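Worksheet: one structure, shown below.
Keep in mind that this is a model prediction, so the values were computed, not measured. Chain identifiers are assigned alphabetically (A, B, ...) following the order of the sequence lines, protein sequences preceding nucleic acid strands; residue numbering begins at 1 within each chain.
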Amino acid sequence: MSVRVRFAPSPTGMLHVGALRDALFKSLFARHWGGQNILRIEDTDRTRYSPESEQEFIDTLKWVGIEFDEGPHIGGPNAPYRQSERKEAGIYAEWIVVLLGKGHAYKAFDTPEQLEEMREIQMINKRPSGYFGGIWRDGSPEQVAAAEAEGKPFVIRQRIPRDTAIVIEDAIRGRVEWDSNTVDDPVLIKADGMPTYHFASMVDDHVMEITHIIRGEEWLSSAPKHACLFDSFGWDRPIFVHCPVIVGTDGKKLSKRHGATRVLDYAARGFLKQALKNFIALIGWSPGDDREAMTEQELIEAFDIKGIQPSPGKFDYEKLKWLNGCAIRALDPEQLLQEIADYLARPYTTEYFEQLEPEPGSPNPKDVLRTLLLLRTTIETDRAYALEAIKLEQQRVQTLADFGEACEFFFVDLPPMDQKAVDKWFKDPVTASLFAYLLEECSSAYLSESGPEVYDASLRAFQAAYGLEKLGPVVHPTRVALTGKTTGPGLFELMSVLGPARIAARVERAKGLLK
RNA sequence: GGCCCGGUCGUCUAGCGGUUUAGGACAUCGCCCUUUCACGGCGAAGAUCGCGGGUUCGAGUCCCGUCCGGGCUACCA
């Protein structure tokens, strides 16, 4: 039998990195075994469901390149794939009748107040809290009929067997056992007729022939209920795989406090989908050897449940950046340029920086946005020039967003000058001669189509002519004059890309700044 | 309160009773490369494997206890 897994999110907000990890593991697992990956929307809680959120889930999944073989957006043999629609189709009603008939479920007419009081008493008595009986679990048919005749609202609960052990064999944690007397009777059908997760999900997993229930460890405590439900129906249990979760640096569940958790924000910050997936896969999973930077194909080939760690992992932003830098360097320049163009074409990229609050220690979002828009314009108007600039910066950035700031000096007429750099490098008397020399060189025809080696030779000729011991006094003032900064690509390479006209204009301006 | 899960360098991890002076990676520091910043290369520092008992000739690896952390304990998922 082929492997079948499902990503079954409840679209109640943004798609965060924890959900992405969940989806990624399943996708990798399905691809590894040549099985099917199914998308199912769990929207049985109508008060929390939002269609915008569902759209965000689909958009995000599309961006990261996690694909499904069946789902609400593409259909499939098990349609519909939204639980609200499956409810309308009568799927859950049909199965609850079966369960009721077998005596594994029962109607309970307790009021919320009664349940609340029950739990309080249980806590005080140091007993497991939850619904273990009351009058309805063992209510007589007459009592039930009477309550129904009165029109009292009711829920349908699962009848968990008592005085026995419930054992599951988890693929990551091994054998886990519960005393069934500590497992309460969960609600299967709510008073409004909607199924709960416990019921809808398990019924769907069976109907859709899911072979592995891969989910976060927060579900482990409900696993005995789910296992019992399969047993009650007489269905084969799928393999349970309870994955560790991703937590924030404080060890708590990832939330807004830990910085960005929305996957689309990572896209907007200029992370490559392959780097993000690579990084996310490495939290809680390892190929078993020392490999870290891996391609999609390598991840699929290496992915295995045996490599999943039982303990939760923290999200290390620094390592993500490193991996992203590796991914950028792995691209050939043409691909990279296309990647950048796509990145800049996405509306959310600009939107993100527009609404981002400035933070001390990181570049001002306004500046990032400005330089990014400049890069976009240049790619549109002078693609070849933009490509040359990007080639030179490819080795020194970590995110796509970094290209804006890094390439800025290539694209503006006169780059903004770093005053400290000017103060440091424009005071040597020889600098005036250097600038004069550069202007003269630029007016010579031979420089117009020159490569880096020609600029190299030209500057070294100046060094020799003035008997300078080191190249520094030549290189540094020139760099500041041309880029406004003390850091950046190799000077000769950058000069070759700028060309004599731009060089001349910048040197001319720099002359005016000399001490 | 109850039930369950987890615990190896700051972080992600390798380890599946002996080849371990516990390996790799990120971050940190140093050196090299070099016109700068990066990239790359080399190296340093960093974990008595939460703690305490066992089992064993031998334990990070098995068992028990304990502590700490987390999850669940909804007519949420």
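Scanning residues 472-479 of chain A for heavy-atom distances under 4.0 Å to RNA chain B yields A:V475, A:H476, A:R479.
Straight-line distance from the CG atom of A:L468 to the C1' atom of B:U35: 13 Å, rounded to whole Å. In this structure, A:L392 atom CG and B:A38 atom C1' are separated by 12 Å, rounded to whole Å. Atom C1' of nucleotide B:A38 and atom CD of A:E493 are separated by 13 Å, given to the nearest angstrom. Atoms CZ (A:F492) and C1' (B:U35) sit 6 Å apart, rounded to a whole Å. Distance A:L491 CG to B:U36 P: 11 Å, rounded to the nearest Å. As a whole-Å value, the separation of A:L494 CG from B:C37 C1' is 12 Å. Atom CZ in A:R396 sits roughly 14 Å away from atom P in B:U35 (whole-Å rounding). Taking atom CD1 of A:I168 as the reference point, atom C1' of B:C3 lies 13 Å away to the nearest angstrom.
Nucleotide B:U56 has no partner under the Watson-Crick or G-U criteria, as no pair reaches both atom distances under 3.5 Å. Under the Watson-Crick and G-U wobble criteria, each requiring two contacts below 3.5 Å, nucleotide B:A25 is paired to B:U11. Base pairing of B:G69 is made with B:C5, judged by Watson-Crick or G-U wobble geometry with both donor-acceptor distances under 3.5 Å. With both pairing distances under 3.5 Å, B:G40 is matched to B:C32 as a Watson-Crick or G-U wobble pair.
Contacts of A:R237 classified as side chain to side chain contact (heavy atoms under 4.5 Å, CB included), with partners at least two apart in sequence or in another chain: A:I168, A:A227, A:F230, A:D231. When the ring-ring contact (aromatic ring centres under 6.0 Å, His included) test is applied to A:W178, no partner is found at least two apart in sequence or on another chain. With sequence neighbours excluded, the residues satisfying side chain to side chain contact (heavy atoms under 4.5 Å, CB included) with A:E85 are A:P80, A:R82. Listed by chain and number, the residues in a side chain to side chain contact (heavy atoms under 4.5 Å, CB included) with A:A200 are A:T44, A:Q83, A:Y92, A:P195 (sequence neighbours excluded).
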Practice item. Would you give a per-nucleotide map of nucleotides 71-77 of chain B, 5' to 3', where B means the base has a protein non-hydrogen atom under 4.0 Å away, S means only the sugar-phosphate does, and - means neither? Key: BSSSBBB
Exercise for review: Could you run through nucleotides 12-29 of chain B and give me one letter per nucleotide, 5' to 3': B if any protein heavy atom sits under 4.0 Å from the base, S if only the sugar-phosphate is that close, - if neither?
Suggested key: BSS--------BBBB---
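In this model, no side-chain donor or acceptor of A:R173 finds a partner on the base of B:C5 within 3.5 Å.
Rounded to whole Å, the separation between the C1' atoms of B:C5 and B:C9 comes to 24 Å. The separation of B:U20 from B:C64, taken at their P atoms, amounts to 29 Å, rounded to a whole angstrom. Comparing the P positions of B:C3 and B:U48 gives an interatomic distance of 33 Å, to the nearest angstrom. Taking atom C1' in both B:G52 and B:G15, the straight-line distance is 24 Å, to the nearest Å. Taking atom C1' in both B:U56 and B:A44, one finds a spacing of 38 Å when rounded to whole Å.
Every pair passing salt bridge (charged side-chain N to carboxylate O under 4.0 Å, His left out) that includes a residue from residues 305-332 of chain A is listed here, sequence neighbours excluded: A:E292-A:K319, A:E318-A:K321. Residue pairs satisfying the salt bridge (charged side-chain N to carboxylate O under 4.0 Å, His left out) criterion with at least one member in residues 462-481 of chain A, sequence neighbours excluded, are absent. Residue pairs meeting the salt bridge (charged side-chain N to carboxylate O under 4.0 Å, His left out) criterion with at least one partner in residues 451-461 of chain A, sequence neighbours excluded, are A:D456-A:R460.
Ring planes of A:Y317 and A:F271: perpendicular class, angle over 60° (limits at 30 and 60°). The aromatic rings of A:F435 and A:F426 lie perpendicular to each other, with more than 60° between the two planes, well past the 30° mark. In this structure, A:F303 and A:F29 have perpendicular ring planes: the angle between them is above 60°, well past the 30° mark.
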Show the atom names and distances, to 0.1 Å, of all donor-acceptor pairs under 3.5 Å that link a side chain in residues 395-404 of chain A to residues at least two apart or in another chain.
from   : atom 1 : to     : atom 2 : distance (Å)
A:R396 : NH1    : A:L392 : O      : 2.9
A:T399 : OG1    : A:A401 : N      : 3.4
A:T399 : OG1    : A:D402 : N      : 3.2
A:T399 : OG1    : A:D402 : OD1    : 3.1
A:T399 : OG1    : A:D402 : OD2    : 3.4
A:D402 : OD2    : A:Q398 : N      : 3.0
A:D402 : OD2    : A:T399 : N      : 3.0

Side chains of residues 150-159 of chain A: which donor-acceptor partners sit under 3.5 Å, not counting sequence neighbours?
from   : atom 1 : to     : atom 2 : distance (Å)
A:R157 : NH1    : A:D185 : O      : 2.8
A:Q158 : NE2    : A:K225 : O      : 3.1
A:R159 : NE     : A:G103 : O      : 2.7
A:R159 : NH1    : A:R137 : O      : 2.6

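Looking at A:F199 and A:V187, their side chains never come closer than 4.5 Å, going by heavy atoms from C-beta outward.
Using a 4.0 Å heavy-atom distance criterion, A:E177 is classed as a sugar-phosphate-only contact.
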